[in-house]
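As structure tokens, the structure follows; a few thoughts come after it.
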Amino acid sequence: MADMRAFRDEVTDWVAGGPGEAARDLAARLGVRTAVLLEGPSDLAAVETLAARRGRDLAAEGVCVVPMGGAMSVGRYAILLGPPGLALRLAGLCDEREQPFYDRGLERAGAPRRDFFVCVSDLEEELIRALGPAKVEEVIRDEGDIRAWQTFLHQPAQHGRPRQQQLRRFLGTKKGRKIRYGHLLVEALAPEQVPAPLDDLLTSL
């Protein structure tokens, strides 16, 4: 049975230069109405975790969450999935420094920006700030990464850096860690702690 993951895979292939027929067919069969464009898989983990916490099945609602592999791909995704292509409604998150890529890409595709929400540095930084460093360190400890964290803190480059910056850097030091903590940090949030860009995105869908 076709599912949203298959559609996402076909879109990725299409963006890379493959044929788009399979993506078009799946979009129709699955009733896809919205594509959520995210920079990477850690953002995907966070969005899907928050949706599940709120009792939502995004796939059943016709929403496909798409990690693009970087902000510079947004123009291509917007053209294929937005008004010139599948004519899906587009939404997403972007980092503040990457916003110009989104603005240009969405403008070229004739897609509105109203459902794109901006994180100051990135979503990991938003989550760390929302939880506070002490709670994030607690999550690290509970996950069994405390020794790796302590070793990281002893690196000369980390001396004197603010704790939030150290935590954000730590999450990116090992392959797969950002994805795992994208899920874990959202799980640790109290409802009132959800960062505004993430909350606004889910509310808009």
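Transitive grouping of hydrophobic side chains (ILVMFWY, heavy atoms separated by less than 4.5 Å) brings Met72 and Leu81 into a common cluster. Cluster membership check: Leu202 does not share its hydrophobic cluster with Met4, using side-chain heavy-atom separations under 4.5 Å among Ile, Leu, Val, Met, Phe, Trp and Tyr. Cluster membership for Ile140 and Leu153, using ILVMFWY side-chain heavy atoms within less than 4.5 angstrom, is shared. Side-chain heavy atoms closer than 4.5 Å link hydrophobic residues (I, L, V, M, F, W, Y) into clusters, and following such links, possibly through other members, connects Val63 to Leu44. One hydrophobic cluster holds both Leu198 and Val139 under the rule that ILVMFWY side chains link at heavy-atom gaps under 4.5 Å.
Minimum interatomic distance between Pro67 and Tyr77 (heavy atoms only, all atoms of both residues): O-OH, 4.0 Å. Ala91 approaches Leu205 most closely through the heavy-atom pair CB-CD2, 3.9 Å. Summarising the geometry of Phe101 relative to Ala71, their closest heavy-atom pair is CB-O, 3.9 Å, with the distance given to 0.1 Å. Smallest separation of non-hydrogen atoms from Arg161 and Gln158: NH1-OE1, 3.1 Å. Between Leu86 and Ala23, the shortest heavy-atom contact is CD1-O, 4.5 Å.
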Please output the side-chain donor-acceptor pairs of residues 32-39 that fall under 3.5 Å, not counting sequence neighbours, one pair per line with the distance.
unit_1	atom_1	unit_2	atom_2	d
Arg33	NE	Glu61	O	2.8
Glu39	OE2	Asp95	N	3.2

Under 3.5 Å, which donor-acceptor pairs do the side chains of residues 6-16 form with other protein atoms, sequence neighbours left out?
unit_1	atom_1	unit_2	atom_2	d
Arg8	NH1	Val65	O	2.9
Thr12	OG1	Arg8	O	3.0

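One finds the CG atom of Leu93 at 13.0 Å from the CD atom of Glu98 (value rounded to the nearest 0.5 Å). For the atom pair Arg114 CZ and Leu106 CG, the distance stands at 11.5 Å (nearest 0.5 Å). Taken to the nearest 0.5 Å, the CZ atom of Arg29 stands 15.5 Å off from the CZ atom of Arg24. Between Cys119 atom SG and Leu127 atom CG the span is 8.0 Å, to the nearest 0.5 Å.
Listed by first and then second residue, the side chain to side chain donor-acceptor pair (under 3.5 Å) pairs that reach into residues 172-181 are Glu143-Arg180, Asp145-Arg180, Asp145-Tyr181, Thr173-Arg177, sequence neighbours excluded. Residue pairs meeting the side chain to side chain donor-acceptor pair (under 3.5 Å) criterion with at least one member in residues 81-90, sequence neighbours excluded: Arg89-Asp115. Residue pairs meeting the side chain to side chain donor-acceptor pair (under 3.5 Å) criterion with at least one member in residues 116-135, sequence neighbours excluded: Ser42-Glu124, Asp122-Arg168, Glu125-Arg129, Glu126-Arg129, Lys135-Glu138. Within the structure, the ring-ring contact (aromatic ring centres under 6.0 Å, His included) test picks out no pair touching residues 22-59 (sequence neighbours left out). Applying the salt bridge (charged side-chain N to carboxylate O under 4.0 Å, His left out) rule to pairs touching residues 66-84 yields nothing, sequence neighbours excluded. Residue pairs that meet the salt bridge (charged side-chain N to carboxylate O under 4.0 Å, His left out) test with at least one member in residues 104-113, sequence neighbours left out, are Asp103-Arg113.
Within the 3.5 Å criterion, the main-chain N or O of Ile179 finds no donor-acceptor partner in the side chain of His183. No donor-acceptor distance shorter than 3.5 angstrom exists from the side chain of Arg141 to the backbone of Val136, with no hydrogens or angles considered.
In terms of the side chain to side chain donor-acceptor pair (under 3.5 Å) criterion, residue partners of Arg54 (sequence neighbours excluded) are, by chain and number, Asp199. For Pro84, the side-chain contact (heavy atoms from CB on, under 4.5 Å) test picks out Ile79, Ala109, with sequence neighbours left out. Shown here are the ring-ring contact (aromatic ring centres under 6.0 Å, His included) partners of Phe170, two or more places apart in sequence or in another chain: Trp149, Phe152. For the side-chain contact (heavy atoms from CB on, under 4.5 Å) test, residues two or more places apart in sequence or in another chain that qualify with Pro83 are Ala111.
No hydrogens or angles considered: a donor-acceptor pair under 3.5 Å links the side chains of Arg163 and Gln166.
Using a 4.5 Å heavy-atom cutoff, the side chains of Phe116 and Leu90 are in contact. Residues Thr151 and His154 have side chains not in contact (no heavy-atom distance under 4.5 Å, counting atoms from C-beta outward). The shortest distance between side-chain heavy atoms of Ser204 and Phe117 falls below 4.5 Å. In this structure the side chain of Leu185 reaches within 4.5 angstrom of the side chain of Leu171, judged on heavy atoms. Residues Val186 and Glu48 form no side-chain contact, since every pair of their non-hydrogen atoms from C-beta on lies 4.5 Å or further apart. Using a 4.5 Å heavy-atom threshold, the side chains of Leu167 and Pro133 count as touching. Using a 4.5 Å heavy-atom threshold, the side chains of Leu189 and Pro195 count as touching.
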Please evaluate residues Leu50 and Arg56 with respect to the criterion side-chain contact (heavy atoms from CB on, under 4.5 Å), reporting the C-alpha separation (whole Å), side-chain torsions for both, the decisive distance (0.1 Å), and the verdict. CA-CA 9 Å; Leu50 183 59; Arg56 296 184 61 180; over 6 Å; no
